[in-house]
Amino acid sequence: MDLSISSPFRGAFPAPTSTFILNPKSRCSHSLNFFKHQNSYSKNPLFSRQKIPIRAQVSDPAVDEGFVIDDVPHLTDFLPDLPSYPNPLQNSQAYAIVKQTFVRPEDVVAQKIVVQKDSSRGVHFRRAGPREKVYFKSEEVRACIVTCGGLCPGINTVIREIVCGLNYMYGVDDILGIQGGYRGFYSKNTSTLTPKVVNDIHKRGGTFLLTSRGGHDTQKIVDNIQDRGINQVYIIGGDGTQRGASRIYEEVEKRGLKVAVAGIPKTIDNDIAVIDKSFGFDTAVEEAQRAINAAHVEVESVENGIGIVKLMGRYSGFIAMFATLASRDVVSIIIFDMQQDCCLIPESPFYLEGKGGLFEFIEERLKENGHIVIVVAEGAGQEYLAQSMQGIDEKDASGNRLLLDVGLWLTQNIKVGCIISLISFRFLIQYIMVSQSQQYLKEETKAFISPSLKQPFPRRFFIETSIEDHFTKERKMAINMKYIDPTYMIRAIPSNASDNIYCTLLAQSAVHGAMAGYTGFTVGPVNSRHAYIPISHVTETQNTVKLTDRMWARLLASTNQPSFLNCDESTGGKVCKDTIDLINNMKITSI
């Protein structure tokens, strides 16, 4: 490929034959000079200081590649006279035998790797890795690390590898740990981090630096960064945290500070867009299997056993789907909060009664096997919650809507066989809100379900009371309920071997990017190749299970369960459309 540049100064460069452009929607419109941050590897400079699209030629003029670069900001975009220095890795023994120590400036990672002959090649991102030139002297670096949001396996591994990467690869000694999330910046809760201090923290769950939700105040945070002389900020957190990191970068740029802001995406639900997966996800799926296996043992040991296993998944059902697919003991349905040889996730609509409904499926399973295990994501069935709980709209400190865990009530209700009223339900909600942070493993035997409710009710309240009515009143069938909620057990464990390796790659890629002067970026694998991605790109939407993709079809084929999408026009069809519209229009608005 001939990478000569096209610009309005047509006399200086050959005319292009096909497009090679930077995404005009990219936040960093001033970063159109894609190749300017690296040494040139060709006879002519591969960059333009003009704020115009960069175009390149291909050998075959008949092919229009549509090659788009979604570039990340660089410190020289707003500090053009910033000096560069040779990368210390040139003298590293670890990299001495590496054939190509530094990433070439023209290396990019394709977001779309399956293309047709005449289709556009689509969006590409900068490949992550060490650069030949850096924009920080090792002795001048003062870095800080902060963790925000909920717990996730692997956080401590990321912290450890950032510290060790800065110290071992670049000789950086001044590294601070910001304690307690974003508010730790202006609360002045800090600790000094060295390789010795963080040596074995990867063996523990949780976060060594403590965490919290909310507390983001851009002005206070950047004031503190400026006052302390911090010039590299590593922010570990989910989509809301990354949105906060983007605001920090924007304020840093506005003030003209030499501060590199790097994000490391963290979400146990795997709902971060663009990247292949988030760290901790593999560990969560592995641990979720243990809960599913336990439920399977329980229901196999009783007559008409129904096991319910609730897993994480506020907006996306990846953990439930993958754990179900891996365990092979569950049939998966996407519903609200119920578990019976089905997997219920937020992305899929469902209906309970009638031909081909969930009740019929459960009854068939009980008749065939004598038991069933249902795996449910915590956010499944939100349409019922929205319809019946309009008066309750509480949020946590991060702005996430609180999901009511009524599974505990359902198991207790099944035990006593009572019928709950709207008044008692309001009292119940208050009780559940207090009890929500606890871990439950409830076994209720010889349980009966209360009469069904004609109007939709949220989550397990709606589904389990309906199930009880269906099987005890209509079918005269006694059932044995087993309810397992392993949420906090999964969040608290250390990362497994696979996630430990993944966390190391994320941390080192972030360090390489910050030292090379990139800022306002997040890092992650795109089609198995690590890349630098503009933070705004990963906070625009959420990653969800696509019901039309092959992975969901693989699950249905493996569990031999129906799709539950054949809703009748009078009721199910409307629920399906409303649910899908809700998921498709979901936006992140909180920090």
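Looking only at distances, no side-chain donor or acceptor of Asp499 sits under 3.5 Å from a matching main-chain atom of Phe279. Remark: the backbone N or O of Gly122 is paired with a side-chain donor or acceptor of Ser120 at under 3.5 angstrom. Panel note: side chain Asp70, backbone Val123; no donor-acceptor pair is recorded below 3.5 Å. Although no hydrogens or angles enter the test, the distance criterion places a donor-acceptor pair under 3.5 Å between the side chain of Asn543 and the main chain of Asn270. Between the side chain of Glu378 and the main chain of Gly313, a donor-acceptor pair closer than 3.5 Å is present. No donor-acceptor pair closer than 3.5 Å links the side chain of Ser138 to the backbone N or O of Val172. Without hydrogens or angle criteria, Gln100 side chain to Phe102 main chain gives a donor-acceptor distance under 3.5 Å. Ser119 contributes a side-chain N or O that, together with a main-chain N or O of Gln116, makes up a donor-acceptor pair within less than 3.5 Å. Remark: side-chain polar atoms of Thr207 are paired, donor with acceptor, to backbone N or O of Leu209 under 3.5 angstrom. Under a 3.5 Å cut-off, the side chain of Thr147 and the backbone N or O of Leu210 do form a donor-acceptor pair.
Under the ring pair (Phe, Tyr, Trp, His ring centres under 6.0 Å) test applied with Tyr518, the options Tyr249, Phe125, Tyr532, Tyr135 reduce to a single match, Tyr532.
Heavy-atom contacts from other residues, nucleotides or ligands closer than 6.0 Å to NZ of Lys546 number more than 12.
Considering every non-hydrogen atom in both Leu193 and Val198, the closest pair reads CD2-CG1, 4.3 Å. The two residues Cys144 and Ile230 come nearest to each other via the heavy atoms SG-CG2, 3.8 Å. The heavy-atom pair separating Ile319 from Ala288 by the smallest distance is CG2-CB, 4.3 Å. Shortest non-hydrogen contact noted between Pro265 and Gly263 is CD-O, 3.8 Å. What you find for Thr539 and Arg243 is that their closest heavy atoms are O-NH2, 3.0 Å. Closest heavy-atom contact between Gly149 and Lys266: C-NZ, 4.2 Å.
Between Asp239 and Val538 there is no side-chain heavy-atom pair separated by less than 4.5 Å. Between Arg121 and Lys112, every side-chain heavy-atom pair lies at or beyond the 4.5 Å cut-off. The shortest side-chain heavy-atom distance between Asp107 and Arg104 falls under the 4.5 Å cut-off. Here the side chains of Val98 and Tyr95 are in contact, with some heavy-atom distance below 4.5 Å. Using a 4.5 Å heavy-atom cutoff, the side chains of Phe136 and Glu140 are not in contact. Looking at heavy atoms from C-beta onward, Pro195 lies in side-chain contact with Cys164 at the 4.5 angstrom threshold. The side-chain heavy atoms of Lys258 and Leu75, taken from C-beta on, include a pair separated by under 4.5 Å. Residues Val72 and Arg126 meet the side-chain proximity criterion, which asks for heavy atoms closer than 4.5 Å.
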- Go through the steps to decide whether Ile248 and Ile225 satisfy the test side-chain contact (heavy atoms from CB on, under 4.5 Å), and finish with yes or no. CA-CA 10 Å; Ile248 292 173; Ile225 289 172; 4.2 Å; yes
- Task: Assess whether side-chain contact (heavy atoms from CB on, under 4.5 Å) is satisfied between Ile145 and Val163, documenting all intermediate values.
- Result: CA-CA 9 Å; Ile145 306 170; Val163 174; 3.7 Å; yes
- After noting the C-alpha distance and the side-chain angles of Tyr234 and Leu166, does the key distance pass the side-chain contact (heavy atoms from CB on, under 4.5 Å) rule? CA-CA 11 Å; Tyr234 297 91; Leu166 283 168; 3.6 Å; yes
- Which is it for Thr522 and Ile264 under the side-chain contact (heavy atoms from CB on, under 4.5 Å) test, yes or no, and what are the steps along the way? CA-CA 6 Å; Thr522 190; Ile264 296 92; 5.8 Å; no
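Rounding to the nearest 0.5 Å places CE of Met312 at 9.5 Å from OG1 of Thr267. In this structure, CG on Asp77 lies 7.5 Å from NE2 on His74, to the nearest 0.5 angstrom. Expressed to the nearest 0.5 Å, how far CE of Met321 lies from CD of Glu347 amounts to 8.0 Å. We find the SG-CD1 distance between Cys152 and Ile268 to be 5.0 Å, quoted to the nearest 0.5 Å. To the nearest 0.5 Å, atoms CZ (Phe281) and CG (Asp276) are separated by 12.0 Å. To the nearest 0.5 Å, the span separating CD1 on Ile155 from CZ on Arg491 amounts to 9.0 Å.
A salt bridge does not link Asp200 to Lys203: none of the charged nitrogens lies less than 4.0 Å from a carboxylate oxygen. Salt bridge Glu251/Arg247: absent, no basic N to carboxylate O contact under 4.0 Å. Salt-bridge formation is not detected for the pair Asp173/Arg142: no Lys NZ or Arg NE/NH1/NH2 atom is positioned less than 4.0 Å from an Asp or Glu carboxylate oxygen. A salt bridge links Asp282 with Lys277; the closest basic N to acidic carboxylate O contact falls under 4.0 Å. Ionic pairing of Asp269 and Arg314 is not present here: no N-O contact between side-chain nitrogen and carboxylate oxygen is shorter than 4.0 angstrom.
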Give the table of side-chain donor-acceptor pairs shorter than 3.5 Å for residues 78-92, with sequence neighbours excluded, one pair per line with atom names and distance.
unit_1 : atom_1 : unit_2 : atom_2 : d
Asn87  : OD1    : Leu89  : N      : 2.9
Asn87  : ND2    : Arg131 : O      : 2.5
Ser92  : OG     : Ala94  : N      : 3.2

Which atom pairs, donor and acceptor, lie under 3.5 Å between side-chain atoms of residues 503-512 and protein residues at least two apart or in another chain?
unit_1 : atom_1 : unit_2 : atom_2 : d
Thr504 : OG1    : Asn500 : O      : 2.9
Ser509 : OG     : Leu505 : O      : 2.9
His512 : ND1    : Tyr170 : OH     : 2.7

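Residues Ser246 and Ser536 bring no donor and acceptor atom of their side chains to less than 3.5 Å of each other. Side-chain atoms of Asn224 and Arg228 include a donor-acceptor pair closer than 3.5 Å.
Taking the ring centre of Tyr182 as origin, the terminal cationic atom of Lys220 falls outside the region bounded by 6.0 Å and 45° from the ring axis.
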